[in-house]
Amino acid sequence: APAGGSTVTLSSNNAAATVPASVTVLEGTTTATFAINTTTVGSAASVTISGTYNGGTQTATLAVNPPALASVSLSPNSLVGGNSSTATVTLNGPAPAGGAEVMLSESAPDATVPVSVMVAAGETTATFAVNTTAVGAMTPVTVSGAYNGTQSAILTINPPVISSVSLSPSTLVGGASSTGTVTLSSPAPAGGASVALLSDSGSATVPVNVTVAGGATTATFTVGTVAV
């Protein structure tokens, strides 16, 4: 550039990208830099940036892309059926004006999600609930989100487990009987949950198993005893 520098006039043909009115190339140099600021867009935009000096114009094209879904996460990502998990969708940039609607789906009916979740304008995340039903065996379910790309996470749904066995009465005279109660950590699945029973002494006998009805958490059984 000559003494005093050279002023290059700048322009953009799309409001998705803005540039300064001009930039100065310093005396004795051949280049100068300037910042291009962009706004969030709902769809891809092609912006032409122009520089003019001494009647000559040069251009460059800048592609401004909309945000895309970067991840789907679950907390917790493993639970007992009948409980719920909180899912979070994260975009790789702020949502545009009007927000970003992320479409949701699940791979199995044991977990249900809303049809979609909205990331508010200017935000990058949104949460939604994943509700589950009781299962009889460990069941992995893929929870997916789609917005300018698809991301997914796996939720592991576990069957209930025995949380306690109680006896009433817990002390008696041999020959009498006691009532045992098994309690599950969460409701039994459809069809019920068969709990295997065992006594470590011939003085007390129990059935081979007892069934906790579907949707219930407890079942009772009789403990028979002999005189000792």
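What you see is a predicted model, and the numbers here were worked out from it, not measured in a lab.
The shortest heavy-atom contact between Met118 and Glu101 is SD-N, 3.6 Å. Contact detail for Leu69 and Gln151: the closest heavy-atom pair is O-CG, 3.5 Å. The minimum heavy-atom distance linking Ala219 with Val212 is given by the pair CB-CG2, 3.8 Å. The shortest heavy-atom contact between Pro20 and Leu10 is O-CB, 3.3 Å. Annotation for Pro160 and Ala188: closest pair CG-CA, 4.4 Å, computed over non-hydrogen atoms. Minimum interatomic distance between Asp110 and Ile157 (heavy atoms only, all atoms of both residues): O-CD1, 3.5 Å.
Between Val161 and Val80 the shortest side-chain heavy-atom distance does not fall below 4.5 Å. Using a 4.5 Å cut-off on side-chain heavy atoms (C-beta onward), Pro67 and Pro94 make no contact. By the 4.5 Å heavy-atom criterion applied to side chains, Leu184 and Ile162 are counted as neighbours. Contact check for Thr59 versus Ser50: side-chain heavy atoms found under the 4.5 Å cut-off. Looking at Leu155 and Leu79, their side chains come closer than 4.5 Å, going by heavy atoms from C-beta outward.
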Distance-only criterion, 3.5 Å: show the donor-acceptor pairs between side-chain atoms of residues 138-146 and protein atoms not counting sequence neighbours.
unit_1: Thr139; atom_1: OG1; unit_2: Ala137; atom_2: O; d: 2.8

Please tabulate, one pair per line, all N/O donor-acceptor pairs under 3.5 Å involving side-chain atoms of residues 27-44, not counting sequence neighbours.
unit_1: Glu27; atom_1: OE1; unit_2: Gly4; atom_2: N; d: 3.2
unit_1: Thr29; atom_1: OG1; unit_2: Leu26; atom_2: N; d: 3.3
unit_1: Thr29; atom_1: OG1; unit_2: Leu26; atom_2: O; d: 2.6

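Within the structure, the side chain to side chain donor-acceptor pair (under 3.5 Å) test picks out the following pairs touching residues 3-19 (sequence neighbours left out): Ser6-Tyr53.
The other residues sharing a hydrophobic cluster with Met103 are Val115, where clustering joins ILVMFWY side chains under 4.5 Å apart.
Applying the side chain to side chain contact (heavy atoms under 4.5 Å, CB included) rule to Thr218 yields the partners Thr181, Thr183; only residues at least two apart in sequence or on another chain are considered. For Thr222, the side chain to side chain contact (heavy atoms under 4.5 Å, CB included) partners two or more places apart in sequence, or in a different chain, are Ser177.
Grouping the Ile, Leu, Val, Met, Phe, Trp and Tyr side chains by contacts below 4.5 angstrom, directly or via other members, places Val206 with Val165. Residue Val195 is not grouped with residue Val135 when hydrophobic side chains (ILVMFWY) are merged at heavy-atom distances under 4.5 angstrom, including chains of intermediate members.
Of the residues listed (Thr156, Asn77, Thr132, Leu74), the one engaging Ser85 in a side-chain contact (heavy atoms from CB on, under 4.5 Å) is Leu74, and it is the only one.
Judged by distance alone, with hydrogens and angles left aside, the side-chain atoms of Ser178 form a donor-acceptor pair with the main-chain N or O of Pro169 at under 3.5 Å. With hydrogens and angles disregarded, a donor-acceptor distance shorter than 3.5 Å links the side chain of Ser199 to the backbone of Ala204. Side-chain atoms of Asn131 never come within 3.5 Å of backbone atoms of Thr112 as a donor-acceptor pair (strictly under, hydrogens ignored).
For the atom pair CG of Leu167 and CZ of Phe221, the computed distance is 6.0 Å after rounding to the nearest 0.5 Å. Here the OH-CG distance, from Tyr147 to Leu91, works out to 7.0 Å after rounding to the nearest 0.5 Å. The distance from the OG1 atom of Thr86 to the CZ atom of Phe128 is 9.5 Å, given to the nearest 0.5 Å.
A donor-acceptor contact under 3.5 angstrom links the side chains of Thr52 and Thr57, judged on distance only. Asn158 and Ser78 share a side-chain donor-acceptor pair at under 3.5 Å.
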